[in-house]
Amino acid sequence: RHPLATFFHLFFRVSAIVTYLFCDWFSNSFVACFVTILLLLSFDFWSVKNVTGRLLVGLRWWNQIDEDGKSHWMFEAKRVPTIAASTEAEARIFWLGLIICPVIWTMFFFSTLFSLKLKWLALVIAGISLQTANLYGYIHCKLGGQKTISRVTSRLFGTTDVPKRQSRRISEDGTEEHGKTGTR
């Protein structure tokens, strides 16, 4: 069980949203609010990508650049035979937080756009980008990399001509890594 990781998985996300909603009540400085929210979003991105994803669901992703300058996205999933009942709740919290928060930031985008508060638009776009990047990475990990996603999209759209550039590696610690190659 990882109660501290679960707390911080939600703490930075919820703090950024609450600060965005109520920042005008506590400060008249746009810059202070902007920097505070951006720092909370950055802390959230880092903690989810590097800590809580590994501890709560056994997934991680990263980008690796080789000597030729090519960018390789790596997706890793631990092979766990059975998940203990105590960690199923943590996994649900992880996925709910990962999915709901980008939806909330998307609603903020439309409300900011329609209310013409354009100075907040860059911050909301940063929130959407950071939260969606984590969601995208962990969906890749969960579904098993590009190969599984290609199968899902080919079934969904009825196409079979999806490129399958992927490498797969199983480490000695029982983790499975999927890599998708591409260029910058």
Side-chain angles (χ1 to χ4, degrees), residues 1-21 37-64 72-111 123-157 162 166-171 173-180 182:
R1 298 189 62 173
H2 307 289
L4 194 61
T6 306
F7 171 77
F8 280 108
H9 176 70
L10 295 176
F11 175 75
F12 292 123
R13 293 174 169 265
V14 172
S15 296
I17 291 169
V18 169
T19 304
Y20 177 79
L21 289 173
I37 296 167
L38 196 59
L39 283 173
L40 287 169
L41 287 169
S42 300
F43 291 153
D44 171 61
F45 179 81
W46 183 88
S47 67
V48 170
K49 183 182 170 304
N50 295 314
V51 179
T52 62
R54 288 182 199 186
L55 293 177
L56 300 179
V57 291
L59 303 173
R60 71 178 183 156
W61 62 274
W62 69 95
N63 185 352
Q64 188 172 346
H72 301 279
W73 288 95
M74 306 301 291
F75 304 97
E76 181 179 87
K78 281 188 179 178
R79 287 189 175 184
V80 180
T82 59
I83 298 175
S86 63
T87 61
E88 286 182 19
E90 292 174 344
R92 266 191 237 116
I93 291 170
F94 177 83
W95 286 107
L96 283 173
L98 203 64
I99 293 168
I100 291 173
C101 289
V103 171
I104 292 171
W105 282 103
T106 303
M107 290 187 315
F108 289 162
F109 173 80
F110 288 112
S111 69
L123 180 66
V124 172
I125 290 171
I128 291 171
S129 300
L130 291 171
Q131 304 252 326
T132 305
N134 262 334
L135 178 61
Y136 178 77
Y138 282 113
I139 286 175
H140 262 283
C141 292
K142 182 72 172 172
L143 295 179
Q146 183 66 25
K147 185 176 180 182
T148 307
I149 290 176
S150 296
R151 274 191 257 129
V152 169
T153 56
S154 67
R155 274 190 244 137
L156 184 63
F157 296 113
V162 179
Q166 171 178 326
S167 64
R168 184 174 171 186
R169 178 175 73 200
I170 298 177
S171 305
D173 65 347
T175 59
E176 183 177 343
E177 295 179 6
H178 304 277
K180 176 182 163 188

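Every heavy atom of this structure was used, including side-chain atoms; hydrogens, water molecules and symmetry mates were not. This is a predicted model, so every value here is computed, not measured.
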Task: Heavy-atom check, side chain of R13 versus side chain of Q131, under 4.5 Å - done: yes

Task: Heavy-atom donor-acceptor pair, T132 side chain to S129 backbone, under 3.5 Å - done: no

- [ ] Could you label the plane-to-plane angle of the F11 and F8 rings as parallel, tilted or perpendicular, counting under 30° as parallel and over 60° as perpendicular?
- [x] perpendicular

- [ ] Looking only at non-hydrogen atoms, find the nearest pair between I17 and C101 and report the distance.
- [x] CD1-SG, 4.0 Å

Task: Pair N134-L98, side chain to side chain contact (heavy atoms under 4.5 Å, CB included): steps then yes or no - done: CA-CA 8 Å; N134 262 334; L98 203 64; 4.1 Å; yes

TODO: Check whether any side-chain heavy atom of L10 sits under 4.5 Å from a side-chain heavy atom of I93, and report yes or no.
DONE: yes

- [ ] Mind checking the CG-CH2 spacing from L135 to W95? Nearest 0.5 Å is all I need.
- [x] 7.5 Å

Task: Rounded distance [0.5 Å steps], CG in L56 versus OG1 in T6 - done: 4.5 Å

Task: Gap separating the CH2 atom of W61 from the CG atom of N50, nearest 0.5 angstrom - done: 8.5 Å

- [ ] Determine whether T106 and F110 make a side-chain contact, defined as any pair of heavy atoms from C-beta on separated by less than 4.5 Å.
- [x] yes

Open item on the list: I need the Q64 CD to H72 NE2 distance, nearest 0.5 Å.
Closed with: 7.0 Å

- [ ] Kindly assign one of parallel, tilted or perpendicular to the pair H140 and F75, based on the angle between their ring planes and the thresholds 30° and 60°.
- [x] parallel

Task: Considering all heavy atoms, the nearest L41-A16 contact - done: CD2-CB, 3.9 Å

Open item on the list: To the closest 0.5 Å, what do you measure between CG (D44) and CG (L39)?
Closed with: 12.5 Å

- [ ] Return the orientation label for the F43 and F12 ring planes: parallel under 30°, perpendicular over 60°, tilted otherwise.
- [x] tilted

Task: Side-chain (S111) to main-chain (F108) donor-acceptor, under 3.5 angstrom - done: yes

Task: Heavy-atom closest contact (G97 atom, P102 atom, distance) - done: O-CD, 4.3 Å

Open item on the list: Between Y20 and W105 (judged by ring centroids, cut-off 6.0 Å), do the two rings come close enough to count as a pair?
Closed with: yes

Open item on the list: Quick check: closest heavy atoms across A126 and L38, and the distance to 0.1 Å?
Closed with: CB-CD1, 3.9 Å

Task: Value rounded to 0.5 Å, distance of CG in L55 from CZ in F94 - done: 10.0 Å

